[in-house]
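Note on naming: letters A, B, ... go to the chains in the order of the sequence lines (proteins, then strands), and numbering restarts at 1 for each one.
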Protein chains: 2
Amino acid sequence: MDRRQEILEAAEKSFSLFGYKATTMDQVAKIANVGKGTIYTFFANKEELFNAIVLKMINEMRAEADAVSVEGAPFEQNAHARLMQMLKFRGTHQLYAKLIDEEKELRTPAVGEVLQAIEKEIIFYVKEKIEKGIAKGEVFPCDTELVAYILFKAYLALVSDWGKTHDEELSEERIAALLKGTIFKSLLI
Amino acid sequence: MDRRQEILEAAEKSFSLFGYKATTMDQVAKIANVGKGTIYTFFANKEELFNAIVLKMINEMRAEADAVSVEGAPFEQNAHARLMQMLKFRGTHQLYAKLIDEEKELRTPAVGEVLQAIEKEIIFYVKEKIEKGIAKGEVFPCDTELVAYILFKAYLALVSDWGKTHDEELSEERIAALLKGTIFKSLLI
DNA sequence: AGATGACCGAAAGCGTTTCGTGGTCAATCG
DNA sequence: CGATTGACCACGAAACGCTTTCGGTCATCT
């Protein structure tokens, strides 16, 4: 069996279940049925192993976001579906959710960095889609970096922040209606 | 001399300088030239004293936001000026800035509650202005609560969050241009 | 040569003690 | 006699030192 793969799977399991800090290298070695030293022949240290897992997760997320978009559908519909999917992923995916929790509770630096990197990746993804929309003539030319940023932050606020200060979450319909009437309305040609 | 007033001034000084947790009631009493017990004849406890100070600050902020708006100017201009002013206040005012820092570093519960209350107050203020805009026929009727929320969150993200992940702050012009081209464009009649 | 796990030092955890602080109230004062 | 005070108390948080844990290494053994 591929030892590197075994280690990756073991690490993913452990990070997802216990988070970054509470995962020990001994733990990972045990789950992977591998001597601890072996891990270090494939990964320089704990953080690099962690980064490898997170990279894998980012690709999953990207794939899921692509999966909910419909070829040929209008920009607004696909953009909304993609962002909602990524934010659903954010709150649902075991590892991602665990990391958000760990960042809030423990402030583990490695986790903070990784979360920031994921966010950057999402914004980059959104930016790409906006540029594609502009190229297709569906979207007004604009400051794509900033528009991607504000779109992500808006969705994040509505999907995730709102619930923290109000007793019930916003429905997807209300979110869709608001953005249709504000940001998207002025973005679309 | 008005003892209650003396205490308020002393408390404001101390909270602004040291934050909530690091301000001791002995400290406040000393600055106010008052016995510690006297404080408790005016305020039930430390938290109520704190709330009184914060309430005063909220009114200051409101006043400053009102001050930058121009009677008769278009909705967008006033809304932008008001929100920018409040966010400038947020980052500049000694007490407010100190509290944000304390919340991040110490997680003092009393501070978290107060910050949330201030945010709620700002959003309420924005909501009022939007409703006035609608009444005047300047703004499309809309879900005012949500629009106020998203406007505040958008400005907050651009003014405050952006700098945390990029090496330089956004210029006010770039912020103004972005919002003019997105949210405001679809809000205005 | 590749894998292993005993080993190392740094750092986190933990149980105990000390200290600082919010809040009270009997004594004091005007 | 009512307003003011600061010594006092209870208790939660810091300080301390001792123990354990854990990331990373490397001599040893396939």
Side-chain angles (χ1 to χ4, degrees), chain A residues 1-54 98-99 101-114, chain B residues 1-54 98-99 101-114:
Chain A
M1 273 217 183
D2 184 0
R3 301 181 102 71
R4 190 190 149 90
Q5 193 56 31
E6 302 259 41
I7 292 167
L8 276 172
E9 275 165 33
E12 182 174 0
K13 241 178 251 175
S14 187
F15 284 134
S16 294
L17 229 43
F18 310 114
Y20 179 76
K21 199 182 167 200
T23 288
T24 69
M25 293 305 262
D26 282 301
Q27 170 98 272
V28 173
K30 200 169 195 178
I31 299 178
N33 285 313
V34 151
K36 187 163 54 155
T38 308
I39 299 176
Y40 288 86
T41 61
F42 296 105
F43 303 93
N45 51 42
K46 189 182 180 183
E47 202 165 337
E48 284 218 1
L49 174 58
F50 182 50
N51 289 339
I53 302 293
V54 169
K98 190 91 204 166
L99 293 182
D101 192 62
E102 185 167 351
E103 165 67 2
K104 203 176 64 189
E105 303 291 315
L106 286 310
R107 296 278 179 79
T108 324
V111 172
E113 284 161 30
V114 144
Chain B
M1 273 207 183
D2 185 359
R3 301 182 102 68
R4 188 190 150 90
Q5 194 56 33
E6 302 259 41
I7 293 167
L8 277 172
E9 276 166 32
E12 182 174 0
K13 239 178 253 175
S14 188
F15 285 134
S16 294
L17 228 44
F18 310 113
Y20 179 76
K21 198 182 171 203
T23 287
T24 69
M25 293 304 262
D26 281 300
Q27 170 98 271
V28 173
K30 200 167 195 178
I31 299 177
N33 284 315
V34 149
K36 185 163 60 157
T38 307
I39 299 177
Y40 288 88
T41 64
F42 295 105
F43 302 94
N45 50 46
K46 189 182 181 184
E47 201 165 337
E48 284 217 3
L49 174 59
F50 182 51
N51 289 338
I53 302 292
V54 170
K98 191 91 205 164
L99 294 182
D101 192 60
E102 185 167 351
E103 166 66 2
K104 204 177 61 188
E105 302 293 313
L106 286 308
R107 299 278 180 83
T108 325
V111 172
E113 284 162 32
V114 144

Problem - Minimum heavy-atom distance F50(A)-A110(A), with the two atoms named - result: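 Reported closest heavy-atom pair: CE2-O, 4.0 Å.
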Problem - Which atom of S14(A) lies closest to which atom of V28(A), heavy atoms considered - result: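 Closest heavy-atom pair between S14(A) and V28(A): CB-CG2, 4.4 Å.
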Rounding to an integer number of Å, can you tell me how far [X] [atom1] sits from [N] [atom2]?
X      : N       : atom1 : atom2 : value
K46(B) : dG20(C) : NZ    : P     : 15 Å
Y40(A) : dA1(C)  : OH    : C1'   : 21 Å
E6(A)  : dA3(C)  : CD    : P     : 12 Å
L49(B) : dT21(C) : CG    : C1'   : 15 Å
M25(A) : dC7(C)  : CE    : C1'   : 17 Å
E48(A) : dG23(D) : CD    : P     : 15 Å
I7(A)  : dA3(C)  : CD1   : C1'   : 11 Å
D2(A)  : dG2(C)  : CG    : P     : 15 Å

Exercise for the section: Assign K30(B) to base, sugar-phosphate, or nothing according to its heavy-atom contacts below 4.0 angstrom with the strands shown. Expected result: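 It contacts nothing in the nucleic acid.
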Practice task
Evaluate the criterion side-chain contact (heavy atoms from CB on, under 4.5 Å) for residue pair I39(A) and M25(A); output intermediate values, then yes/no.
Solution key: CA-CA 8 Å; I39(A) 299 176; M25(A) 293 305 262; 3.8 Å; yes
Practice task
Look at the side-chain N and O atoms of K21(B) and state whether any lies under 4.0 Å from the OP1 or OP2 oxygen of dG22(C).
Solution key: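 Result: no.
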Practice task
Go along nucleotides 4-10 of chain D 5' to 3' and tag each nucleotide: B for a protein heavy atom under 4.0 Å from its base, S when only backbone or sugar atoms are that close, - otherwise.
Solution key: SBB----
Practice task
Mind checking the CD-CG spacing from Q5(A) to L8(A)? Nearest 0.5 Å is all I need.
Solution key: 5.5 Å
Practice task
Give me the ring orientation class for F15(A) and Y20(A): parallel if the planes are under 30° apart, tilted from 30 to 60°, perpendicular past 60°.
Solution key: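 If you compare the ring of F15(A) with that of Y20(A), the planes turn out parallel.
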Practice task
Taking T41(A) for its side chain and T38(A) for its backbone only, find out whether a donor-acceptor pair lies under 3.5 Å.
Solution key: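 Flag set: sc T41(A) to bb T38(A) pair under 3.5 Å.
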